[in-house]
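This report concerns only the one structure given below.
Sequence positions, counted from 1, serve as the residue numbers for this chain.
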Amino acid sequence: MNNQLLPTTYFGPVSWYRQFHQTGRVVIDADEPWVKQTFRNRCTIATAAGTQTLTVPVVHTGRVGTPVKEIRISDHGNWRHLHWQAISSAYGHSPFFQFYEDDLRPFFFENRWEYLFDFNFEIMQKMCELLDINAPAASPDLHPALKGRGDATAQPDCSPLPVRAGCRLGEAVVRPYWQVFQQKHGFLPDLSILDLLCCMGNEAIYYL
């Protein structure tokens, strides 16, 4: 079976996790050139005012074609607190936010990730765990981009291989599910996986 290539994402959209779940073998591209203003460091959530995009600030290298694995997270603007505040406000009254709150909180209150790729990688692992997605494990020897990066490979569950190649996401999922602000805004498709998880809980995997 051929590997399906996907880019790194920050609490990626539902379509990303759908592709991840439905593909037998997935690889995450750690060496692709950094692309600004994409879901590599952004996610979109639903709020009372409509959709809101949350962006992880990064340190710009100034070099064209910098691999995504070399992009560092910036601490500018107290973004962790602001992101958690926005997510808590948006999903605090969703059916399952309180159930997952303790799993999500560390990503916004622990400043232990230097690289965006590592940060996203651990988010992906946690989302796989919460969604009950069984992804193939990979040996740390096959993760040259992650060697020496703290405990990014300490837990092999849901660990795709970072390789150099392009990628193309599948079509966005448009089948509606219940959303917190659906009566106000109608169904908003392909939001962050956080939206599906907080609204559908352990039934989210059936939507994927």
N/O donor-acceptor pair under 3.5 Å between N120 side chain and R40 backbone
yes
To the nearest 0.5 Å, what is the distance between OG (S88) and NE2 (H83)?
12.5 Å
Sub-4.5 Å side-chain heavy-atom contact between L116 and R72
no
Evaluation steps, side chain to side chain contact (heavy atoms under 4.5 Å, CB included), between Y91 and V180:
CA-CA 7 Å; Y91 299 112; V180 179; 4.2 Å; yes
Between D31 and V68, what is the shortest heavy-atom contact and its length?
N-CG1, 4.4 Å
What is the minimum heavy-atom distance between P95 and C199, and which atoms define it?
CG-O, 3.9 Å
Around atom CD of Q182, are there more than 12 heavy atoms from other residues, nucleotides or ligands closer than 6.0 Å?
yes
Tell me the closest heavy-atom pair linking P7 and I28, and the distance in Å.
C-CG2, 4.2 Å
Is it possible for you to say whether L194 and F99 belong to one hydrophobic cluster, with membership spreading through side-chain heavy-atom contacts below 4.5 Å?
yes
Could you grab the distance from atom CG of L196 to atom CH2 of W178, nearest 0.5 Å is fine?
12.5 Å
Is Q179 reaching over with its side chain to a backbone N or O of L188, donor-acceptor style, under 3.5 angstrom?
yes
Within the 4.5 Å heavy-atom criterion, are E203 and Y177 side-chain neighbours or not?
no
Does Q37, at its CD atom, have more than 12 non-hydrogen atoms belonging to other residues, nucleotides or ligands within less than 6.0 Å?
no
Are I73 and I87 connected in a single hydrophobic cluster, I mean Ile/Leu/Val/Met/Phe/Trp/Tyr linked by side-chain heavy atoms less than 4.5 Å apart?
yes
Please step through salt bridge (charged side-chain N to carboxylate O under 4.0 Å, His left out) for the pair R80 and D75, ending with a clear verdict.
CA-CA 8 Å; R80 291 177 179 84; D75 289 326; 2.7 Å; yes
In this structure, would L82 and F109 fall into the same cluster of hydrophobic residues linked by side-chain contacts under 4.5 Å?
no
May I have the step-by-step check of side chain to side chain contact (heavy atoms under 4.5 Å, CB included) for I71 and F117, ending in yes or no?
CA-CA 7 Å; I71 298 298; F117 187 88; over 6 Å; no
Please say yes or no: joined through hydrophobic side-chain contacts below 4.5 Å, possibly via intermediate residues, are I123 and F121 part of one cluster?
yes
Is there a side-chain contact between I205 and H21 (heavy atoms, below 4.5 Å)?
yes
Okay, side chain of Q125, backbone of E122: is any donor-acceptor separation there less than 3.5 Å?
no
With side chain to side chain contact (heavy atoms under 4.5 Å, CB included) as the test, would you mind laying out the steps for L191 and V14 before giving the verdict?
CA-CA 6 Å; L191 298 176; V14 171; 5.5 Å; no
Heavy-atom nearest pair, C128 first then F20, reads SG-CE2, 3.5 Å
If you take all heavy atoms of T8 and E32, which pair is closest and at what distance?
N-OE2, 4.3 Å
Donor-acceptor contact present, side-chain W79 to main-chain S74, <3.5 Å:
yes
Would L208 and Q22 count as a side chain to side chain contact (heavy atoms under 4.5 Å, CB included) if you check the C-alpha gap in whole Å, the side-chain angles of each, and the deciding distance to 0.1 Å?
CA-CA 8 Å; L208 298 175; Q22 295 186 353; 5.8 Å; no
Angle between ring planes, F96 versus Y100, binned at 30° and 60°: parallel, tilted or perpendicular?
tilted
Sub-3.5 Å donor-acceptor pair from the side chain of R175 to the main-chain atoms of Y207, do we have one?
yes
Just wondering, do D132 and N202 contact through their side chains at under 4.5 Å, heavy atoms?
no
Distance-only check: which donor-acceptor pairs under 3.5 Å involve side-chain atoms of residues 45-56, not counting sequence neighbours?
residue, atom, partner, partner atom, Å
T47, OG1, A49, N, 3.2
T47, OG1, G50, N, 3.4
T47, OG1, G50, O, 2.7
T55, OG1, R42, NE, 3.3

T9 vs M124 side-chain heavy atoms within contact, under 4.5 Å
no
Could you go through R63 and E70, starting from their C-alpha distance and side-chain angles, then the distance that decides it, and tell me whether this counts as salt bridge (charged side-chain N to carboxylate O under 4.0 Å, His left out)?
CA-CA 11 Å; R63 292 189 290 115; E70 296 181 10; 2.8 Å; yes
Short question: side chain of S192, backbone of F11 - any donor-acceptor pair under 3.5 Å?
yes
Enclosure of E114 CD (heavy-atom neighbours >12, cutoff 6.0 Å):
yes
Would the number of heavy atoms belonging to other residues, nucleotides or ligands and lying under 6.0 Å from OH of Y206 be above 12?
no
Are V59 and V35 linked, directly or through other ILVMFWY residues, by side chains that come within less than 4.5 angstrom of each other?
no
Flag, side chain of S89 to backbone of Q85, donor-acceptor distance under 3.5 Å
no
Nearest heavy atoms of K36 and W34, plus distance in Å
CG-NE1, 3.3 Å
Would you please indicate if the ring centroids of W84 and F107 are separated by under 6.0 Å?
no
In terms of ring plane angle, is the pair F108 and Y10 parallel, tilted or perpendicular, where the classes change at 30° and 60°?
perpendicular
